[in-house]
Amino acid sequence: MPLRKIKEKIFSVGTIDWERRLFDELVPLPDGTSYNSYLILGNEKTALIDTVDPAKTHELINNLNNLGIKRIDYIIVNHAEQDHSGSISDVLELYPMAKVVANAKCKSMLMDLLHIPEDKFIVIEDRQELSLGDKTLEFILTPWVHWPETMVTFLKEDKILFSCDLFGSHFATSRLYANEDAKVLEDAKRYYAEIMMPFRLQIRKYLDWIEKLTPEIIAPSHGPLWKNPDFIIKAHREWVSDSLKNIVLIPYISMHHSTKQMAEYLADALVKRGIEASLFNLTVTDIGKFAIALVDAPTMVLGAPTVLAGTHPAAIYAAYLTNALRPKLKYVGIIGSYGWGGKAVDHIKAQLSTLKVELLNPVLIKGLPREEDFKKLDNLAEEILNKHKELGLI
Ligand code: FEO
């Protein structure tokens, strides 16, 4: 992707990955992604903010060449993860005078992950400033957004916040700035759900002082930039808040349609009681959509049948992922069918160890559901109705 000018002497020099469909070999990227890198030309020094994924190094280098950049003084590293740091060694080879500017934790990680020599570093502290002459960078440490070394960089004179993973979206677009439409918001929410949700409480804390900076532009490391920072800050305020929606997620897997019948019956029983229900067949669902739904859901009922005397691995995976993403969930139910015995409750409970959830009465049945089993599902729907009333959602 050709370089793009953000403001006088400030350029986007990163790359767009239109084809990538998985991140960390785990997270689905239906709309690709980008690795944003920014070049700032001060009247005394030049700084490159973050680099790109190693697979795209040549595009970054092309952009720097096309700008005729003969000297880079500082490579600012907001985050050691390789999708942003992976081209540092190549940039250092091209610009051997450059210093890598990072906090102490980031330095240590870069030495481990990329074998960057110690003498290449300038180590900075929280709130330290670095002058480029007529432009000043301020570094603000934001641990655990996404890794322990993460930080953001504020260009004071131009009021641009280079927010690294925060406020990003996995969205390949040639547009420099985000449209403020539903699609952009869904991509940003997907990204938040998949990457940032485990760090909800840290982000909540950082939003306050980010607002105090009054940035005019937010330039994240993935996806388009935000020309109206209020739009994306407001969306994050909602996502990280404690507010919940009157919705029940029903991820399920079903080999012979018994658990499927249960899941669908429960969904109908909930809708009859004025509760929204979202079914996710785990064999075909986009797990990112499930993650998005987890952002606002108070209740999940997992449809977990038994296979080979154990809980189906797809249900275990859904529980494991839910636990890892640390959503705001308050209640978890377990339903499912078995042939000759099952330990779904113990298996699922063991996967949810970091969540502070209350377990609803499980409905585990033998074979195809009978009339009395549907009654148990009605009781479960009634139990959820009461819980949602207690939460003030109905
Ligand atoms: Fe985009 Fe945590 O790396």
Side-chain angles (χ1 to χ4, degrees), residues 1 12-38 48-57 59-60 75-91 100-103 105-114 116 139-153 161-173 178 184 187-203 206 210 218-226 232 236 239-240 288 291 321 324-326:
M1 176 53 59
S12 171
V13 291
T15 68
I16 296 174
D17 200 334
W18 299 94
E19 293 175 2
R20 191 160 178 180
R21 287 294 174 267
L22 260 190
F23 196 81
D24 287 346
E25 304 304 321
L26 173 70
V27 175
L29 307 179
D31 296 320
T33 191
S34 69
Y35 318 109
N36 301 344
S37 170
Y38 302 99
L48 182 69
I49 299 194
D50 293 314
T51 66
V52 300
D53 189 90
K56 294 286 183 181
T57 299
E59 293 187 30
L60 169 67
I75 304 169
I76 314 296
V77 186
N78 281 326
H79 183 18
E81 193 166 9
Q82 291 89 333
D83 53 325
H84 311 296
S85 67
S87 310
I88 291 175
S89 299
D90 295 270
V91 175
V100 177
V101 179
N103 62 64
K105 184 86 189 163
C106 188
K107 171 190 162 187
S108 156
M109 293 177 86
L110 290 172
M111 289 174 69
D112 287 336
L113 296 174
L114 299 172
I116 295 174
F139 308 111
I140 305 161
L141 273 56
T142 52
W144 295 112
V145 184
H146 161 218
W147 280 8
E149 88 303 354
T150 330
M151 72 175 193
V152 300
T153 297
L161 181 70
F162 299 96
S163 61
C164 195
D165 277 347
L166 186 60
F167 304 124
S169 50
H170 285 311
F171 182 30
T173 171
V184 161
D187 273 319
K189 190 170 185 180
R190 171 188 283 270
Y191 177 93
Y192 167 81
E194 293 172 340
I195 311 285
M196 289 294 166
M197 189 154 60
F199 314 106
R200 182 172 75 91
L201 298 180
Q202 284 91 332
I203 293 171
Y206 299 137
I210 284 174
I218 289 182
S221 293
H222 294 288
L225 285 66
W226 305 99
I232 193 65
H236 276 73
W239 300 334
V240 302
L321 185 70
L325 292 176
R326 299 188 185 199

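In each ligand, atom 1 is the first atom listed, and ligand 1 is the first ligand listed.
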ring-ring contact (aromatic ring centres under 6.0 Å, His included) partner of His236, the single match among Phe167, Tyr206, Phe199: Phe167
Glu194: partners by salt bridge (Lys or Arg N to Asp or Glu O under 4.0 Å), with sequence neighbours left out: Arg190
Partners passing salt bridge (Lys or Arg N to Asp or Glu O under 4.0 Å) against Asp187 (at least two apart in sequence or in another chain): Lys183
Side chain to side chain contact (heavy atoms under 4.5 Å, CB included) partner of Val52, the single match among Asp83, Asp90, Leu60: Leu60
Test applied, side-chain hydrogen bond (donor to acceptor under 3.5 Å, both in side chains); reference residue, Tyr35; option that passes from Asp17, Asp50, Thr51: Asp17
Set of salt bridge (Lys or Arg N to Asp or Glu O under 4.0 Å) partners for Lys105, sequence neighbours left out: none
Atoms of the protein (N/O/S only) found under 2.8 Å from atom 2 (Fe) of ligand 1: His79 NE2, Glu81 OE1, His146 ND1, Asp165 OD2
